Amino acid sequence: MLLTHIRGPRDLDRLTPEQLDQLAAEIRTFLVDAVSKTGGHLGPNLGVVELTIALHRVFDSPRDKVLLDTGHQSYVHKLLTGRQDFSKLKSKGGLSGYPSRAESEHDVIENSHASTVLGWAEGLAKANELLGKQDHVVAVIGDGALTGGMAWEALNNIAAAKNRPLVIVVNDNERSYSPTIGGLANHLATLRTTDGYERFLARGKDLLERTPVVGRPLYETLHGAKKGLKDFIAPQGMFEDLGLKYVGPIDGHDITALESALQRAKRFGGPVIVHCLTEKGRGYTPAEQDETDRFHGIGPIHPDTGLPITAAGADWTSVFGEEMVRLGEEREDIVAITAAMLHPVGLTKFAERFPDRVFDVGIAEQHAAVSAAGLATGGLHPVFAVYATFLNRAFDQVLMDVALHKCGVTFVLDRAGITGTDGASHNGMWDLSLLQVVPGLRIAAPRDADQVRAQLREAVEVEDAPTVVRYSKGAVGPAVRAVGRIGGMDVLREPAPADAERPDVLLVSVGALAPMCLEVADLLDKQGISTTVVDPRWVKPVDEELPALAERHRVVVTVEDNIRVGGVGSAIAQALRDSGVDMPLRDFGIPPRFLDHASRKEVMAEIGLTAPDIARQVTGLVSRIGGRYEDDAAESAEAAESAGAGRSAGRTGPGAAPKAPTAAEPVRD
């Protein structure tokens, strides 16, 4: 096999055109075999095999910087840069599913949020210019990512420097996850189906230069009017109006044509767009026949059939999607918004049932939030479903356009908390901190499927403020029954009657962590520590009854799948201070650092967010508090004895020693 002999990009230089085609076929076979075992982004990588080969033959990575937008199409790049062990792809200790600086010097950027690559490229090209470097910068961006506003902000700046070398490769497969939508998509479609003007102009030049006397002047006139001809023959004027040289469309599966186009772009000496037409899922029939997303991201599958190895159970996303359809049937004002992720966020059935009431705005979260504000102001109730990690991109719009204007918009945050295998950029661990500062905004954190349904309904009833419903990734567990209600909080566990007067711990559980918090309470009970477990349901604002409830305990413990800085624990601590409740609080959550890819369970164990870890720390905390209470009681008794000589023992009243609260039993290992 040729692939096993590729240890770096320069190994490609010695291959003949026939061998390059053979290598492309081997890579596709390898990808199907490897990714079917581990899961991952299969369809996007099958579509960029020839393009990646051509890029690495024309440009000299890592000296030349090859940048991949979103990075989910980086598997071929990994194979060609010496990383061919895919056995633990996206697993702990294995290859990341995205570019990773820790893996290779060939990986420049690893942020897998879309539409950023052109900004990176523009900055790197400026640096090359100022430092006098002759290195090339190549930015590969999908047509879906071009729907993001940041891409056009960067293009505006790239075009301002006509002589600054920069190659932009548009990987046009008509899709982001699903088919790309919008005006840009229509424009690219026109380019795909129209012969280039360069071919027309070349034929005209040959003909006119053979015409005596008037031929050359006519050609120069024709060339001077080329902008009009371009718009007539191949309307790529949108790019050239910005001052960007346009090359294409190029067959993205023809290595020879790709190399020729990239070589021309490399020599140009200014910003150039190379427009490549590729097919997502190419070469693998199950992917080619999947109209939903061409196997964009898959779990383990049977490679021959493309069918999942294990049947998927109910997950958080599908519970939301089904309830949205019910809400849509009950309320005509309910509309849905997605940022190019209709299927991943569970809106497919809603779109099928109400095609006129779902809006896919492309990879443009900022626009989605502002558009939602407009929809709400116009009398509708928009539900914007988005991955929790991607709402970060629209924070200012949530704050200044939605909340400031008191718009009734519901944000549904999928993949909240630790998602695991997709790594640092996809963990939804920031939202509870970012959104705490937004005035009037309310946040629901459902603990199970029943609560997703109930709290989604509660959220869409709010018409004078933004609401947020956030839930986890993957399978949803069994229902967690409440045994009581205090204010708006569900009580999930009460202490034994003997401890009811002053339990040791008030444990505040956030969202899907409820089962783990109940396990913590069981472990504490074995240590003689009494615990009340509550689920606030709505974690912002803090329930008005919580400070009084906390005061009836000796310590408050909060557990959330969000960074500890500024999260729910911090908000509850602030609420206690504001209410004059001075008591110990221990907040458990995610440390403020980027987390490496691994399974959710492995990440939770690594950061100490497990029931045994939490129970161990809470046991120690309660023990220390009990020791302090006993010391304080002894000191008070001694003071009373010396100050009240002659008074009868056990006298009550202002001069009596205060009664020490009951201490926890000694800690048992």
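Source: prediction; values computed, not measured.
Of the possible donor and acceptor atoms, one in the side chain of Arg600 sits under 3.5 Å from a partner among the backbone N and O of Ile418. Between the side chain of Asp490 and the backbone N or O of Ala482 there is no donor-acceptor pair closer than 3.5 Å. Distance alone, capped at 3.5 Å, is enough to place a donor-acceptor pair between the Ser318 side chain and the Asp315 backbone. Between the side chain of Ser599 and the backbone N or O of Glu602, at least one donor-acceptor pair lies under 3.5 Å. The closest donor-acceptor contact from the side chain of Asp431 to the backbone of Ala388 lies at 3.5 Å or more, if one exists at all. A donor-acceptor contact shorter than 3.5 Å is absent between the side chain of Arg481 and the backbone of Leu492. Looking at His41, its side chain never comes within 3.5 Å of a backbone N or O of Gly97 through a donor-acceptor pair. The closest donor-acceptor contact from the side chain of Ser579 to the backbone of Ala575 lies under 3.5 Å. Between the side chain of Ser96 and the main chain of Tyr98, a donor-acceptor pair closer than 3.5 Å is present. A distance-only check finds no donor-acceptor pair linking the side chain of Arg447 to the backbone of Asp535 [under 3.5 Å].
The residues Glu323 and Arg326 are annotated as salt-bridged, a charged nitrogen and a carboxylate oxygen being separated by less than 4.0 angstrom. Between Arg593 and Glu606, at least one side-chain nitrogen of the basic residue sits less than 4.0 Å from a carboxylate oxygen of the acidic one, meeting the salt-bridge criterion. In summary, Arg353 and Glu329 engage in a salt bridge, as defined by a charged side-chain N under 4.0 Å from a carboxylate O. By the 4.0 Å N-to-carboxylate-O rule, Glu279 lies too far from Arg294 to be salt-bridged with it.
No hydrogens or angles considered: a donor-acceptor pair under 3.5 Å links the side chains of His381 and Thr410. In this structure, a donor-acceptor pair under 3.5 Å is present between the side chains of Thr278 and Asn171. A donor-acceptor pair shorter than 3.5 Å can be found between the side chains of Arg415 and Thr317. Using a 3.5 Å distance cut-off with no hydrogens or angles, the side chains of Thr419 and Asn427 do pair a donor with an acceptor.
Taking Ser433 as the reference, Asn562, Ile563 meet the side chain to side chain contact (heavy atoms under 4.5 Å, CB included) condition, with sequence neighbours excluded. Under the rule for a side-chain hydrogen bond (donor to acceptor under 3.5 Å, both in side chains), Lys349 has no partner lying at least two apart in sequence or in another chain. Residues meeting the side-chain hydrogen bond (donor to acceptor under 3.5 Å, both in side chains) test with Thr389, sequence neighbours left out: His113. Residues meeting the salt bridge (charged side-chain N to carboxylate O under 4.0 Å, His left out) test with Asp450, sequence neighbours left out: Arg453. Take Asp561 and apply the side-chain hydrogen bond (donor to acceptor under 3.5 Å, both in side chains) test, not counting sequence neighbours, and it matches Arg470. The salt bridge (charged side-chain N to carboxylate O under 4.0 Å, His left out) check on Asp613 picks up Arg616, with sequence neighbours excluded. For Ser509, the side-chain hydrogen bond (donor to acceptor under 3.5 Å, both in side chains) test picks out no residue, with sequence neighbours left out. Every residue meeting the side chain to side chain contact (heavy atoms under 4.5 Å, CB included) condition with Ala114, not counting sequence neighbours, appears here in chain and number order: Asp69, Thr70, Ala145, Ile363. With sequence neighbours excluded, the residues forming a side chain to side chain contact (heavy atoms under 4.5 Å, CB included) with Asp464 are Arg442, Val462, listed by chain and number. Under the salt bridge (charged side-chain N to carboxylate O under 4.0 Å, His left out) criterion, Arg331 pairs with Asp333, Glu461, Glu463, not counting sequence neighbours. Residues passing the salt bridge (charged side-chain N to carboxylate O under 4.0 Å, His left out) test with Glu560, sequence neighbours excluded: none.
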For this session: Determine, stepwise, if the pair Glu288 / Lys280 fulfils salt bridge (Lys or Arg N to Asp or Glu O under 4.0 Å).
Result: CA-CA 7 Å; Glu288 292 176 338; Lys280 192 172 183 177; over 6 Å; no

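Nearest heavy-atom pair across Ala449 and Val476 is N-CG2, 3.6 Å.
At least one test fails for Arg393 against the ring of Phe395: distance under 6.0 Å to the centre or angle within 45° of the axis.
For His296 and His72, the gap between ring centers is short of 6.0 Å.
Classification of the Phe390-Tyr387 ring pair by plane angle, with boundaries at 30° and 60°, yields parallel.
Residue pairs meeting the side-chain hydrogen bond (donor to acceptor under 3.5 Å, both in side chains) criterion with at least one partner in residues 540-553, sequence neighbours excluded, are Thr532-His553.
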